[in-house]
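What's counted below: heavy atoms across the whole structure, side chains too, no hydrogens, waters or symmetry copies. Sequential numbering from 1 along the given sequence is applied to the chain's residues.
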Amino acid sequence: MNKDVAVAWEIGAELGEGPIWSDTLRALVFVDIRQARLHVYHPEDGERRSWDLEEACCWLLPREGGGFVAGLRSGVVGLELDERGPRIGKRLTPIEWLPAGDRLNDAGSDTHGRLWFGSMDDAENDVRGHLFRLDSRGVTLMDSEYHVTNGPAISPHGDTLYHNDSARQTVFAFDLDADGELSNRREHIRLAPGAGYPDGMTCDREGGLWIALWDGGRIARFHADGSLDREIALPVSRPTSCIFGGDALDRLFVTSAATGCHDEPLAGALFEVAVETGGIATTPVILPNDPGL
């Protein structure tokens, strides 16, 4: 195994996704979409806890005032998490607002606390995925015609939003203004055939963009101009997402998937990767007149 890579948890997640560092819990929180499970890992003492969910969860983000905002298959909800486990709260998106067969997939928050998230055809057959924004104005459709939406990530200064269409091996970049409007959509990175598919991603303090490469067996860091900086090989072929964690946000945690990887002993594990440059704190999602739980 690469000397920069350590196994944090051999959990064997079928589709590990949505990692986020919680300052409140001092822990990494992530999900297994296919198994509808929520996992919490405390790196300081190695404590690990898992819970079943009534509905598959695709991601969590911290919410201003405490708790989380969570993306279930069918929509966005409030969620509380403590030693007793997760408790789902009120919905923040309309019931049955997604077409049959669609689900949410990945999300991030910008420096103003707005929520950005994507949807997709769960069977990955049709190009009908969207990018949405959720803020005080409600849910707004911001971009369309994605095959597999993934990894909304925001630059450190908050003026660029990155978003993937994984199936097309393409990372798009948008200019993001202070009002949350997008412009200047452009192809930022296009991976070569056989190089893997861009999945979840995050920015470090210097503006480097770290991307988990599904079927690529590695994570990669790209400069702000889209040029490749470095790659780190992993002992699995399907890493799914990455996020900085630890009290100093100086550890890079990577989730992975076991689905389709029966000959890989560490498939679905959570990894910790040594990096030189740490990350930036996730801005809690701000929901004015938050209905809470």
Participant: Taking salt bridge (Lys or Arg N to Asp or Glu O under 4.0 Å) as the test, write out the residues that go with Asp225, two or more places apart.
Facilitator: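 Per chain and number, Asp225 pairs via salt bridge (Lys or Arg N to Asp or Glu O under 4.0 Å) with no residue.
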Participant: Counting C-beta onward and ignoring hydrogens, is there a side-chain heavy-atom pair between Ile286 and Leu115 closer than 4.5 Å?
Facilitator: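 A side-chain contact is absent here, since even the closest heavy-atom pair is not under 4.5 Å.
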Participant: Trp116 versus Leu182: any side-chain heavy-atom pair under 4.5 Å?
Facilitator: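 Counting from C-beta outward, Trp116 and Leu182 do come under 4.5 Å.
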Participant: Please answer: with hydrophobic residues joined when any side-chain heavy atoms are less than 4.5 Å apart, are Ile189 and Phe174 in the same cluster?
Facilitator: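 No; Phe174 is not reachable from Ile189 via cluster members.
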Participant: Step by step, work out the side-chain contact (heavy atoms from CB on, under 4.5 Å) result for Val31 and Leu60.
Facilitator: CA-CA 8 Å; Val31 299; Leu60 292 92; 3.4 Å; yes
Participant: Assigning hydrophobic clusters by single linkage (Ile, Leu, Val, Met, Phe, Trp, Tyr; side-chain heavy-atom cutoff under 4.5 Å), is Val77 placed with Phe117?
Facilitator: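 In one cluster with Val77: Phe117, yes.
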Participant: Would a distance-only check, ignoring hydrogens and angles, find a side-chain to backbone donor-acceptor pair under 3.5 Å from Glu264 to Ser237?
Facilitator: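 Such a contact is found between Glu264 side chain and Ser237 backbone.
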Participant: Please answer whether the main-chain N or O of Ala269 pairs with a side-chain N or O of Ser256 as donor and acceptor at a distance below 3.5 Å.
Facilitator: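 The answer is yes, because a donor-acceptor pair under 3.5 Å joins these two groups.
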Participant: Does any non-hydrogen side-chain atom of Thr283 lie less than 4.5 Å from one of His112?
Facilitator: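 No, side chains not in contact.
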Participant: Between Arg63 (side chain only) and Pro284 (backbone N and O only), is there a donor and an acceptor less than 3.5 Å apart?
Facilitator: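 Answer holds: no.
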Participant: Under the 3.5 angstrom rule, does the side chain of Asp121 hit a backbone N or O of Asp126 as a donor-acceptor pair?
Facilitator: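 Pair found, side chain donor or acceptor close to backbone of Asp126.
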Participant: Test side-chain contact (heavy atoms from CB on, under 4.5 Å) on Ser109 and Thr282 and set out the steps.
Facilitator: CA-CA 7 Å; Ser109 60; Thr282 300; 3.5 Å; yes
Participant: Look up atom CE in Met201 and atom CD1 in Ile243, then write down how far apart they are to the nearest 0.5 Å.
Facilitator: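 Interatomic distance, Met201 CE to Ile243 CD1, rounded to 0.5 Å: 11.5 Å.
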Participant: If we only count heavy atoms from C-beta on, is the Arg221 to Trp210 side-chain gap below 4.5 Å?
Facilitator: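 When only atoms from C-beta onward are counted, Trp210 and Arg221 do touch, with a gap below 4.5 Å.
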Participant: Using the rule given for side-chain contact (heavy atoms from CB on, under 4.5 Å), can you reason through Thr160 versus Ile154, listing the C-alpha separation, both sets of side-chain angles and the distance that settles it, and then say yes or no?
Facilitator: CA-CA 6 Å; Thr160 303; Ile154 309 296; over 6 Å; no
Participant: Less than 4.0 Å between a side-chain N and a carboxylate O, is that true for Asp199 and Arg238?
Facilitator: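 No salt bridge links Arg238 with Asp199.
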Participant: Kindly give the heavy-atom pair with the smallest separation between Val5 and Ala233, and that separation in Å.
Facilitator: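 The answer is CG2-O, 3.6 Å.
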Participant: Would the Phe222 and His188 ring centres measure less than 6.0 Å apart?
Facilitator: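 They do not qualify: ring centres at least 6.0 Å apart.
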Participant: Could you pull out all residues at least two apart from Ser166 that satisfy side chain to side chain donor-acceptor pair (under 3.5 Å)?
Facilitator: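 Testing Ser166 for side chain to side chain donor-acceptor pair (under 3.5 Å), a comparison that skips the adjacent residues, returns Asn150.
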Participant: I'd like to check Trp51 versus Leu81 (side-chain heavy atoms, cut-off strictly below 4.5 Å). Are they in contact?
Facilitator: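 Yes, close enough: below the 4.5 Å cut-off.
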Participant: Taking C-beta and beyond as the side chain, do Asp110 and Leu161 meet within less than 4.5 Å on heavy atoms?
Facilitator: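 Sidechains of Leu161 and Asp110: no contact.
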Participant: Can any side-chain N or O of Thr93 pair as donor or acceptor with the backbone N or O of Val76 at less than 3.5 Å?
Facilitator: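 Checked: pair present.
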Participant: Can you tell me if Tyr197 has over 12 outside heavy atoms packed within less than 6.0 Å of its OH?
Facilitator: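 Incorrect, the count does not exceed 12.
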Participant: Does this structure show an ion pair linking Arg34 with Asp32, if we count only N-O contacts that are shorter than 4.0 Å?
Facilitator: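 Salt bridge flag = no for Asp32 with Arg34.
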Participant: Quick check for you: to the nearest 0.5 Å, what is the distance between Glu145 atom CD and His130 atom NE2?
Facilitator: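 Taking CD in Glu145 and NE2 in His130, the distance rounds to 9.0 Å.
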Participant: Apply salt bridge (charged side-chain N to carboxylate O under 4.0 Å, His left out) to the pair Arg251 and Glu44, showing each step before the final yes or no.
Facilitator: CA-CA 12 Å; Arg251 312 177 187 189; Glu44 294 308 315; 2.8 Å; yes
Participant: Answer yes when Asp122 and Arg73 have at least one side-chain N-carboxylate O distance shorter than 4.0 Å, and no when they do not.
Facilitator: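 Counted as a salt bridge, because a side-chain N and a carboxylate O are separated by less than 4.0 Å.
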Participant: Give, for atom OG1 of Thr24 and atom CG of Asp82, the distance between the pair rounded to the nearest 0.5 Å.
Facilitator: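 Interatomic distance, Thr24 OG1 to Asp82 CG, rounded to 0.5 Å: 11.5 Å.
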Participant: To the nearest 0.5 Å, what is the distance between CG (Leu191) and CD1 (Ile211)?
Facilitator: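 One gets 6.5 Å once the value is rounded to the nearest 0.5 Å.
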Participant: Between Glu276 and Arg230, is there a salt bridge with N-O shorter than 4.0 Å?
Facilitator: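 So Arg230 does not pair with Glu276 through a salt bridge.
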Participant: Could you give the distance from SG (Cys57) to CD (Gln35), rounded to the nearest 0.5 Å?
Facilitator: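 Rounded to the nearest 0.5 Å, the SG-CD separation comes to 14.0 Å.
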Participant: Please find the pair of heavy atoms, one from Pro62 and one from Ile20, that lie closest to each other, and give the distance.
Facilitator: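 Taking Pro62 first and Ile20 second, the nearest heavy atoms are CD-CG1, 3.9 Å.
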Participant: How long is the gap from CG on Leu104 to SG on Cys58, to the nearest 0.5 Å?
Facilitator: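 The SG atom of Cys58 is 5.5 Å from CG of Leu104, to the nearest 0.5 Å.
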Participant: Count I, L, V, M, F, W, Y as connected when their side-chain heavy atoms are under 4.5 Å apart, and connections chain through other members. Are Leu134 and Leu72 then in the same cluster?
Facilitator: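 Shared cluster, yes.
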Participant: Grab the two heavy atoms, one from Met120 and one from His147, that are nearest each other, plus how far apart they are.
Facilitator: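 So the two residues come closest at CB-O, 4.0 Å.
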Participant: Evaluate side chain to side chain donor-acceptor pair (under 3.5 Å) for Thr240 paired with Thr255, printing each intermediate quantity in order.
Facilitator: CA-CA 5 Å; Thr240 55; Thr255 52; 2.7 Å; yes
Participant: Between Tyr41 and Trp9, what is the ring plane arrangement, given parallel below 30°, perpendicular above 60°, and tilted in between?
Facilitator: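 Ring orientation, 0 to 90° scale: tilted.
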Participant: Going only through I, L, V, M, F, W and Y residues with side-chain contacts under 4.5 Å, is there a path from Leu98 to Tyr146?
Facilitator: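 Hydrophobic grouping puts Leu98 apart from Tyr146.
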Participant: Is there a donor-acceptor contact under 3.5 Å from the side chain of Glu272 to the main chain of Val7?
Facilitator: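 Flag not set: sc Glu272 to bb Val7 has no pair under 3.5 Å.
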Participant: Measuring only between side-chain heavy atoms, which start at C-beta, is Arg49 closer than 4.5 Å to Glu83?
Facilitator: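 Counting from C-beta outward, Arg49 and Glu83 do come under 4.5 Å.
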Participant: Whether Arg185 engages the ring of Tyr162 as a cation-pi pair (distance to the six-membered ring centre under 6.0 angstrom, angle to the ring normal within 45°) should be assessed.
Facilitator: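 Output no; distance or angle outside limits.
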Participant: Any Lys/Arg nitrogen of Arg114 or Glu181 sitting under 4.0 Å from an Asp/Glu carboxylate oxygen of the other?
Facilitator: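 Glu181 and Arg114: not salt-bridged.
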Participant: Tell me if the CZ atom of Arg205 is crowded by more than 12 foreign heavy atoms within 6.0 Å.
Facilitator: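 For Arg205, atom CZ is crowded (more than 12 foreign heavy atoms under 6.0 Å).
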Participant: Salt bridge between Arg218 and Glu231, side-chain N to carboxylate O under 4.0 Å?
Facilitator: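 Glu231 and Arg218: salt-bridged.
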Participant: For Asn105 and Thr149, indicate whether the former's side chain and the latter's backbone hold a donor-acceptor pair under 3.5 Å.
Facilitator: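 Side chain of Asn105 to backbone of Thr149, a donor-acceptor pair under 3.5 Å: yes, one is there.
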Participant: With the threshold set at 4.0 Å, does a side-chain nitrogen-carboxylate oxygen contact exist between Glu124 and Arg168?
Facilitator: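 The answer is no: the pair does not qualify as a salt bridge.
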Participant: A side-chain contact here means heavy atoms from C-beta on lying under 4.5 Å apart; do Glu10 and Leu266 qualify?
Facilitator: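 Side-chain contact under 4.5 Å: yes.
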Participant: State plainly whether the residues Glu55 and Arg103 are in salt-bridge range, i.e. N to O under 4.0 Å.
Facilitator: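 Salt bridge absent between Glu55 and Arg103.
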Participant: Quick check against the 3.5 Å criterion: does Arg137 have a side-chain atom that pairs as donor or acceptor with the backbone of Asp135?
Facilitator: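 No, Arg137 side chain to Asp135 backbone: no donor-acceptor pair under 3.5 Å.
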Participant: Can you check whether Phe30 and His39 have ring centres sitting under 6.0 Å from each other?
Facilitator: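 Ring centroids of Phe30 and His39 are less than 6.0 Å from each other.
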Participant: I'd like to know if the side chain of Asp165 and the backbone of Val148 have a donor-acceptor N/O pair within less than 3.5 Å.
Facilitator: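 Yes; judged by distance alone, with no hydrogens or angles, the pair exists.
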Participant: Give the C-alpha distance, both sets of side-chain angles, the deciding distance and a yes or no for side-chain contact (heavy atoms from CB on, under 4.5 Å) between Val254 and Leu234.
Facilitator: CA-CA 10 Å; Val254 183; Leu234 298 169; 4.1 Å; yes
Participant: Is atom CD of Glu47 surrounded by more than 12 heavy atoms (other residues, nucleotides or ligands) closer than 6.0 Å?
Facilitator: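 Yes.
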Participant: With a 4.5 Å cut-off on side-chain heavy-atom distances among I, L, V, M, F, W and Y, is there a chain of contacts connecting Leu228 to Val275?
Facilitator: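 No: no chain of side-chain contacts under 4.5 Å links Leu228 to Val275.
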Participant: Looking only at heavy atoms, which two atoms of Ala212 and Cys242 are closest? And how far apart?
Facilitator: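 Result for this residue pair: N-SG, 4.3 Å.
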Participant: Do you know which two heavy atoms are closest between Ile280 and Pro156, and how far apart they sit?
Facilitator: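 Between these two residues, the closest heavy atoms are CD1-CA, 3.8 Å.
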Participant: When you measure from the side chain of Ser119 to the backbone N and O of Gly129, does any donor-acceptor pair fall under 3.5 Å?
Facilitator: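 No, because the side chain of Ser119 does not come within donor-acceptor range (under 3.5 Å) of the backbone of Gly129.
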Participant: Please name the pair of heavy atoms, one in Ser22 and one in Val29, separated by the smallest distance, quoted to 0.1 Å.
Facilitator: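 Closest approach of Ser22 to Val29, heavy atoms only: CB-CG2, 4.3 Å.
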